[in-house]
Asks: 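Next up is a structure, given as structure tokens.
Within every chain, numbering begins at 1; the chains are lettered A, B, ... in the order of the sequence lines, protein sequences first and strands thereafter. All heavy atoms count here, side chains included; hydrogens, waters and symmetry mates do not.
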Amino acid sequence: MTKEIITTNETKPARKKYVLKKRETTRSNYKVNYETDLNQAQLEAVISKEGPILVIAGAGSGKTKTLTYRVARLIEDGIKPENILLLTFTKKAASEMLSRATIVLDDRCEKVAGGTFHSFANIILRRYSKLLKLKNNFTILDKTDCEDIINHITGQIYPKKEKRFPKKSTILEIYSKSVNKETPTKTIIEDEFPQFTHCEEKIIEIHKAYVGYKRENSVLDYDDLLLYVKLLLENNEGLRKTLSNQYQYIMVDEYQDTNTLQADVIKLLASEHNNIMAVGDDAQSIYSFRGANFRNILDFPKLFENTKIIKLEQNYRSTQNILKLTNTIISKAKEKYAKTLFSEIKSPVVPALICAKDTQMEADFICQRILELLDEDISLSDICVLARNARMSYSLEIELSKRAIPYQKFGGPKFMETAHIKDIVAHLRVIINPDDIISLTRILLLLKGIGASTVNSVIPIIKGQLNPNIKLLPSKKADSIIPMLKTLDKLSHLTTSKKPSDIVEEIIAYYRPILKDKYDDFAKREKDLDHFQYLAGQYSNLEDFISDMALEPPDSSVEGMYKRNSDDEALTISTIHSAKGLEWDSVFIIGAVDGRFPSAYSFNSEEEMDEELRLMYVAATRAKNNLYITYPVDMYDYSMNMVLSKPSRFLNGIDDEILEMWDITEE
DNA sequence: AATATAGAATTTTTT
DNA sequence: ATTCTATATT
Ligand SMILES: Nc1ncnc2c1ncn2[C@@H]1O[C@H](COP(=O)(O)OP(=O)(O)OP(=O)(O)O)[C@@H](O)[C@H]1O
């Protein structure tokens, strides 16, 4: 099914132009040469100042570039940077774009407001928390924190476990979708999690308790940040006007990955002027698990009347050969919207599909090919390895280390969410706030001889005071609890006099025996603790440290992070999701085996299969010159009970001229 | 009855 | 690698 986008204000076909020469006196006062740096359609988007504008275009067509130049243009036109709001999807994208704008124009661009939706929401909420009856020092919860709360609540309401009850991460997924799609929990369960309809009521009841807990304790999860901003703007006419007038020009990148909640926030922020520019590509929508829907971008003209739609059709990133392949891939989507995309970059190199007999061979191939690319004068930082999920690159990482090829990894499990770091953070949180029963629970459960029921009886005694009447503690358990209380109580009096890193050091000293007892691989985890202490060293206030880590954690994942000096050249390894919007000279897509990519998870739903396809499209369109797709044939899949041996179905039946097949033979 | 532990099952993607 | 479950231990 192929549809056309409803166009309210079609871009005019290029007509023949008669050029009037510039005369000295009318020479443009602009510092940036917009006319030569941009093509016609891009220029039109950049100089359109007022009203809603939607730039919808394929990968590499310069959407982000257009946004960057528009920021510069607005500033050159005399708009104050503080009146421009630039919302992006990731922190990386935000800083990248502002630094690009700074290069294009000057450092006025750095004063532009914005960042990610969540960080922007955080700033607004801290400023106006009173209006929501929130403490302004509210805590932001990460995934693990939320799971701990769910655990706590479920334990309270339903001490007996139920059969086929969703696990905590699934429960949270349901709640998150419900908030982000602005749909009742009940509907989400019935539509997307029908296997849990039998315990629907319980899930809803736990949700109520969860919301109640968050309110009572002034803690917010990621979704609350957005939700509360929306409520704030909806219920405070005056504030809505103030903020809307402050942010005169609003720009949103990667609009295809916004959800209805975010769309509402944007609508409210733009309510006074409708000066809003959204930029995106429905074919690159890959965040539906967060409630994003690619139809949102197509509905933008409905949300904002008289939207001017601008399409960009020339790709400046990739060679024609790569584009031939990516156009072929995306044409396989079940539901899509017609778009033209062409390139003028010629190159004899054709993308390749490489079969490896196992993951080791896949890793060997990539390493060897990387070394050859380096010989061709391509730098390591111009090469990237992309994978469907973070685990996929394990063998490769080992091989890279063996060959001393430096790499940095993005995406996958977060440093801050590993169990041992969470343990340390829980101690710190209790020091700061002895009422934090979730962290207290976590700490108590680490102790010998203490389980769920002791925790329940002990919490009322030590909640809020780290120096309780010892006689109240159950006598048999007191011995293991008291040392912990003493340590934390002592430190709680030193939060102002001691540096955060010193406090962290003492906690680590206390925790180390527990770590050694709990994990076989404690040596590796111990290094993480040291790194955590190093991070603490960059703060002078413990509370700031903890709250910063929640919203803006160090952005590379567990490994690679402290192995590397930031100025060294390094290969990038990334999940496809984290690579969005970026580009490299040479790209390897690994693990492109059917059952992993697309994931077996998506086999029974056409919509999910389409999203996997878009993911492949996003991955392949990151490449400028060289694209290699590899698949090992030794992966075993538990759910399907078979060895996965076929290449991704998205690459099936593609002509050899568009995608070369390579076989590897060993010397 | 509460806790510890061994074995089985399950695992995407991110703010 | 982590989380859940069933069984052993105290
Ligand atoms: N008019 C132009 N002339 C020359 N190069 C351009 C032009 N427009 C964009 N480019 C280059 O094309 C590349 C892709 O641009 P950009 O990242 O802005 O595309 P995009 O549409 O945001 O891509 P994606 O959809 O993948 O995020 C960049 O290297 C950019 O510098």
Asks: Starting from C1' on dT15(B), measure out to CG on Asp223(A) and report it in whole angstrom.
Replies: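 About 8 Å, once rounded to whole Å.
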Asks: Counting only side-chain heavy atoms from C-beta out, which of dT3(C), dT13(B), dT15(B) sits nearest to Glu147(A)?
Replies: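 Of the candidates, dT3(C) comes closest.
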Asks: What nucleotide, of dT14(B), dT3(B), dT2(C), holds the atom closest to the side chain of Arg525(A)?
Replies: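 From the listed options, dT2(C) comes nearest.
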Asks: Test Met609(A) against every option in Lys334(A), Lys332(A), Arg649(A), Arg614(A) by the side chain to side chain contact (heavy atoms under 4.5 Å, CB included) rule and name the one that passes.
Replies: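 Option passing the side chain to side chain contact (heavy atoms under 4.5 Å, CB included) with Met609(A): Arg649(A).
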Asks: Just compare dA2(B), dT13(B), dT11(B) and give me whichever is closest to any side-chain atom of Arg391(A).
Replies: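 The nucleotide sitting nearest to the side chain is dT11(B).
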Asks: Phosphate oxygens OP1/OP2 of dT15(B): is one of them under 4.0 Å from a side-chain N or O of Ser119(A)?
Replies: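 Ser119(A) to dT15(B) OP1/OP2: no side-chain N or O under 4.0 Å.
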Asks: Considering heavy-atom distances to DNA chain B, does Asn389(A) or Val455(A) have its closest nucleotide positioned more toward the 5' end?
Replies: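 This one resolves to Val455(A).
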Asks: Would you mind classifying the nucleic acid contact of Lys448(A) as base, sugar-phosphate or nothing, using non-hydrogen atoms under 4.0 angstrom?
Replies: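 Lys448(A): backbone/sugar contact only, no base atoms under 4.0 Å.
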Asks: Quick one: Lys580(A) NZ to dT15(B) P, roughly how many Å, whole number?
Replies: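 Distance check: Lys580(A) NZ to dT15(B) P gives 10 Å.
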Asks: The side chain of Thr575(A) is closest to which nucleotide in this list: dC4(C), dT13(B), dT15(B)?
Replies: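 Among the listed nucleotides, the one closest to the side chain of Thr575(A) is dT13(B).
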Asks: Given dT3(C), dT14(B), dA2(B), identify the nucleotide with an atom nearest to the side chain of Lys167(A).
Replies: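 Output: dT3(C).
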Asks: Starting the side chain at C-beta, find the nucleotide from dT13(B), dT3(B), dT15(B) nearest to Thr116(A).
Replies: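 Ranking dT13(B), dT3(B), dT15(B) by closest atom to the Thr116(A) side chain puts dT15(B) first.
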Asks: Which heavy-atom pair separates Tyr287(A) from Asp257(A) by the least distance, and what is that distance?
Replies: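 Minimum heavy-atom separation between Tyr287(A) and Asp257(A): N-OD1, 3.3 Å.
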Asks: Applying a 4.0 Å non-hydrogen cut-off, can you work out what Phe117(A) is touching in the nucleic acid: base, sugar-phosphate, or nothing?
Replies: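 It contacts nothing in the nucleic acid.
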Asks: With heavy atoms under 4.0 Å as the rule, sort Ile450(A) into base, sugar-phosphate or nothing.
Replies: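 It contacts sugar-phosphate atoms only.
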Asks: Measure across Val455(A) and Leu444(A) and return the closest heavy-atom pair with its distance rounded to 0.1 Å.
Replies: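 Taking Val455(A) first and Leu444(A) second, the nearest heavy atoms are CG2-CB, 3.9 Å.
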Asks: Nearest to the side chain of Ala390(A), heavy atoms from C-beta on, is which of dT13(B), dT15(B), dT3(B)?
Replies: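 The nucleotide sitting nearest to the side chain is dT13(B).
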Asks: Take atom OH of Tyr222(A) and atom C1' of dT15(B), then tell me their distance rounded to the nearest Å.
Replies: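 Roughly 6 Å, once rounded to whole Å.
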Asks: Among the nucleotides dT14(B), dC4(C), dT3(B), which one has an atom lying closest to any side-chain atom of His577(A)?
Replies: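 My answer, after comparing the listed nucleotides, is dT14(B).
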Asks: With a 4.0 Å cut-off on N to O distance, would you call Lys580(A) and Glu254(A) a salt bridge?
Replies: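 Between Glu254(A) and Lys580(A) there is a salt bridge, with a charged N closer than 4.0 Å to a carboxylate O.
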Asks: Without decimals, in angstroms, what is the distance between Leu226(A) CG and dT14(B) C1'?
Replies: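 Going from CG in Leu226(A) over to C1' in dT14(B) covers 13 Å.
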Asks: Separation of Lys143(A) atom NZ from dT3(C) atom P, in whole Å?
Replies: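 These atoms are roughly 9 Å apart.
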Asks: Compare the ring of Tyr287(A) with the six-membered ring in the base of dT13(B) and state whether they stack (centres under 5.5 Å, planes under 30°).
Replies: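 A stacking contact does not exist, since Tyr287(A) is not both close and nearly parallel to the base ring of dT13(B).
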Asks: Report the residue (Phe89(A) or Leu447(A)) whose heavy-atom-nearest nucleotide on DNA chain B is the more 5′ of the two.
Replies: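 The residue closer to the strand's 5' end, by nearest nucleotide, is Leu447(A).
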Asks: What side-chain donor-acceptor pairs closer than 3.5 Å can you find for residues 446-454 of chain A, not counting sequence neighbours?
Replies:
residue, atom, partner, partner atom, Å
Lys448(A), NZ, Asp517(A), OD2, 3.1

Asks: When you measure from the side-chain N and O atoms of Ser169(A) to the phosphate of dT3(C), is any distance below 4.0 Å, counting only OP1 and OP2?
Replies: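 Answer no for this pair, as no side-chain N or O of Ser169(A) is under 4.0 Å from OP1 or OP2.
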Asks: Ignoring hydrogens and geometry beyond distance, is a side-chain donor-acceptor pair present between Thr572(A) and Gln408(A) at under 3.5 Å?
Replies: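 Side chains of Thr572(A) and Gln408(A): no pair found under 3.5 Å.
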Asks: Using a 4.0 Å cut-off on heavy atoms, which residues in residues 588-599 of chain A reach DNA chain B? List them by number, or say none.
Replies: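 When residues 588-599 of chain A is checked for heavy atoms under 4.0 Å from DNA chain B, there are no hits whatsoever.
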Asks: What are the two closest non-hydrogen atoms of Ile546(A) and Arg429(A), and how far apart are they?
Replies: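 Scanning both residues completely, I find the closest heavy atoms to be CG2-NE, 4.0 Å.
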Asks: Rounding to an integer number of Å, can you tell me how far Lys524(A) NZ sits from dT2(C) C1'?
Replies: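 For the pair Lys524(A) NZ and dT2(C) C1', the rounded distance is 13 Å.
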Asks: Write down the distance between CG (Asp145(A)) and C1' (dT15(B)), rounded to a whole number of angstrom.
Replies: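 From Asp145(A) CG to dT15(B) C1': 14 Å.
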Asks: Heavy atoms under 4.0 Å, any strand shown: does Ala452(A) hit a base, just sugar-phosphate, or nothing?
Replies: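 Result for Ala452(A) = sugar-phosphate.
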Asks: Please report the closest heavy-atom contact between Asn293(A) and Ser285(A), naming both atoms and the distance.
Replies: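 Of all heavy-atom pairs spanning Asn293(A) and Ser285(A), the closest is C-OG, 4.3 Å.
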Asks: Specify the separation, in whole Å, of atom NZ of Lys476(A) and atom C1' of dT3(B).
Replies: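 Computing the Lys476(A):NZ to dT3(B):C1' distance gives 13 Å.
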Asks: Closest approach of Tyr128(A) and Leu232(A), non-hydrogen atoms and distance?
Replies: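 So the minimum-distance heavy-atom pair works out to CB-CD2, 3.9 Å.
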